[in-house]
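Following: one structure in structure tokens, then a few remarks.
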Amino acid sequence: MVSPRSPFARNTVRTTTLTLGAACALAVGSPLLAAPAHAVPAPAPAAAVSSPTTVEVTSDLRTGDTGAQVSALQEQLSALGYWIDGVDGHFGLHTEHAVLALQKAAGIDRDGIVGPDTRAALSAGTVPSATTEAGSVVEIDLERQLLLVVTGGEVQSVIHTSTGSGQPYEGSDGSERIATTPTGEYAVFRDVDAWDPGPYGALYRPKYFNGGIAVHGYPSVPAQPASKGCARVSLAAMDWLWEQGHLDVHATVVVR
């Protein structure tokens, strides 16, 4: 399920409204009554306080593009909660990942390119919904391949992820296994603040929540499920998850 949201609904803007009271008139007996010598001229009317405006994204955008339209895209993605590493006007890897996350939430083609359908999803404020209702939880949505940071039932951040591919592979013991990310509710029980060597390659700063299955950083996070069971995110997104404490030991992880 997704729900529409204004591109700036997540950032509460406090606008100070300046209310001008009606001027008080002085009733006098004669229209020729002079003003007192010490009278102070009335202050000039205060300028109206304008509300911030959203720059509409109207261009097709893709990796390598730069400029004001990319900045507008990044600002709106960030305002909706799609994780991005900053607004710099450059369409790089993390902007592509945020676009992929939006496309996944909207159920449209996952190509990382901002075309008409993606612009429509952005304008509609499309964000995924949480399934949990209380507490601080990290949800992994297998269908949409999204990692959601949720507080009190509200999605705070959305991160592009790639989980178990569903394909067979040879286990470290020589047996054939299927690459799956099992559903259920778990808790982070161990983490490694480094590249953690493993039988299928090193995992970046992993947060283990189910045996050898972890949320971890990885150089490649494709649009489709591709791991042997873990939830991959970009290296920078993993750094952010560590910094924010969303996956500290004992944190709840819901895979659905």
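Close placement of the His246 and Trp240 rings is indicated, their centers lying within 6.0 Å of each other. Taking the six-membered ring for Trp, His160 and Trp83 have ring centres at least 6.0 Å apart.
Taking each heavy atom of Ile84 and Ser78 in turn, the nearest pair found is CG2-CB, 3.9 Å. The two residues Gly153 and Ala130 have their closest heavy-atom pair at O-CB, 3.6 Å. Here the closest heavy-atom approach between residue Thr66 and residue His90 is recorded as CG2-ND1, 3.5 Å. Of all the heavy atoms in Gly164 and Pro225, the pair that sits closest is O-CB, 3.3 Å. Contact record, Ala98 with Leu77: CB-CD1, 3.9 Å, taken as the closest heavy-atom pair.
Both Trp242 and Tyr204 sit in one connected hydrophobic cluster of ILVMFWY residues. Membership requires side-chain heavy atoms under 4.5 Å apart, directly or through other members. Side-chain heavy atoms closer than 4.5 Å link hydrophobic residues (I, L, V, M, F, W, Y) into clusters, and following such links, possibly through other members, connects Val99 to Val57. Cluster membership check: Val233 does not share its hydrophobic cluster with Leu146, using side-chain heavy-atom separations under 4.5 Å among Ile, Leu, Val, Met, Phe, Trp and Tyr. Follow the hydrophobic side-chain contacts under 4.5 Å out from Val188 and you reach Met238 in the same cluster. Under the 4.5 Å side-chain heavy-atom criterion for ILVMFWY residues, a single connected hydrophobic cluster contains both Leu102 and Phe91.
Partners of Thr181 under the side chain to side chain donor-acceptor pair (under 3.5 Å) rule, at least two apart in sequence or in another chain, do not exist in this structure. Residues satisfying the salt bridge (Lys or Arg N to Asp or Glu O under 4.0 Å) criterion with Asp109, sequence neighbours excluded, are absent altogether. Applying the salt bridge (Lys or Arg N to Asp or Glu O under 4.0 Å) criterion to Asp141, with sequence neighbours excluded, gives Arg144, Arg256.
Judged by distance alone, the side chain of Gln74 and the main-chain N or O of Gly89 form a donor-acceptor pair under 3.5 Å. A donor-acceptor pair under 3.5 Å links the side-chain atoms of Ser165 to the main chain of Gln167, judged by distance alone. Judged purely by atom type and a 3.5 angstrom limit, Glu56 has no side-chain atom pairing as donor or acceptor with the backbone of Ser123.
With rounding to the nearest 0.5 Å, the separation of CD in Gln103 from OH in Tyr82 is 10.0 Å. Taking OG1 of Thr118 as the reference point, atom CG of Leu61 lies at 10.0 Å (rounded to 0.5 Å). To the nearest 0.5 Å, atom CG of residue Leu100 and atom OG1 of residue Thr95 are 11.0 Å apart. We find the OG-CD distance between Ser71 and Gln76 to be 11.0 Å, quoted to the nearest 0.5 Å. How far CG of Leu73 is from OG of Ser59: 10.5 Å, rounded to the nearest 0.5 Å. Going from atom CD1 of Ile140 over to atom CG of Leu147 covers 5.5 Å, rounded to the nearest 0.5 Å.
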With side chain to side chain donor-acceptor pair (under 3.5 Å) as the test, would you mind laying out the steps for Thr163 and Gln145 before giving the verdict? CA-CA 7 Å; Thr163 62; Gln145 293 289 282; 2.7 Å; yes

Derivation and outcome, side-chain contact (heavy atoms from CB on, under 4.5 Å), residues Leu142 and Val255: CA-CA 7 Å; Leu142 297 179; Val255 181; 3.8 Å; yes

Trace of the side-chain contact (heavy atoms from CB on, under 4.5 Å) decision for Arg62 with Val114: CA-CA 6 Å; Arg62 64 187 68 212; Val114 179; over 6 Å; no

Apply side chain to side chain donor-acceptor pair (under 3.5 Å) to the pair Glu185 and Thr252, showing each step before the final yes or no. CA-CA 7 Å; Glu185 181 173 324; Thr252 301; 4.8 Å; no

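Looking at Pro168 and Arg177, their side chains never come closer than 4.5 Å, going by heavy atoms from C-beta outward. When side chains are defined from C-beta on, Phe209 does not count as touching Leu247, because their heavy atoms never get closer than 4.5 Å. No side-chain heavy atom of Leu148 sits less than 4.5 Å from a side-chain heavy atom of Ile159. Glu139 places a side-chain heavy atom less than 4.5 Å from the side chain of Thr131. Counting heavy atoms from C-beta outward, Leu203 and Val192 have side chains that stay 4.5 Å or more apart. Residues Pro182 and Asn210 are in side-chain contact: their nearest non-hydrogen atoms beyond the backbone lie under 4.5 Å apart. By the 4.5 Å heavy-atom criterion applied to side chains, Tyr186 and Val254 are not counted as neighbours. When side chains are defined from C-beta on, Pro128 counts as touching Val158, because their heavy atoms get closer than 4.5 Å.
Identified under the side chain to side chain donor-acceptor pair (under 3.5 Å) test for residues 211-238, with sequence neighbours left out: none. Among residues at least two apart or in separate chains, salt bridge (Lys or Arg N to Asp or Glu O under 4.0 Å) pairs with a member in residues 117-136 are Asp60-Arg119. Sorted by first and then second residue, the side chain to side chain donor-acceptor pair (under 3.5 Å) pairs with a member in residues 188-201 read Asp191-Lys207, Asp193-Arg205, Asp196-Tyr208; sequence neighbours excluded.
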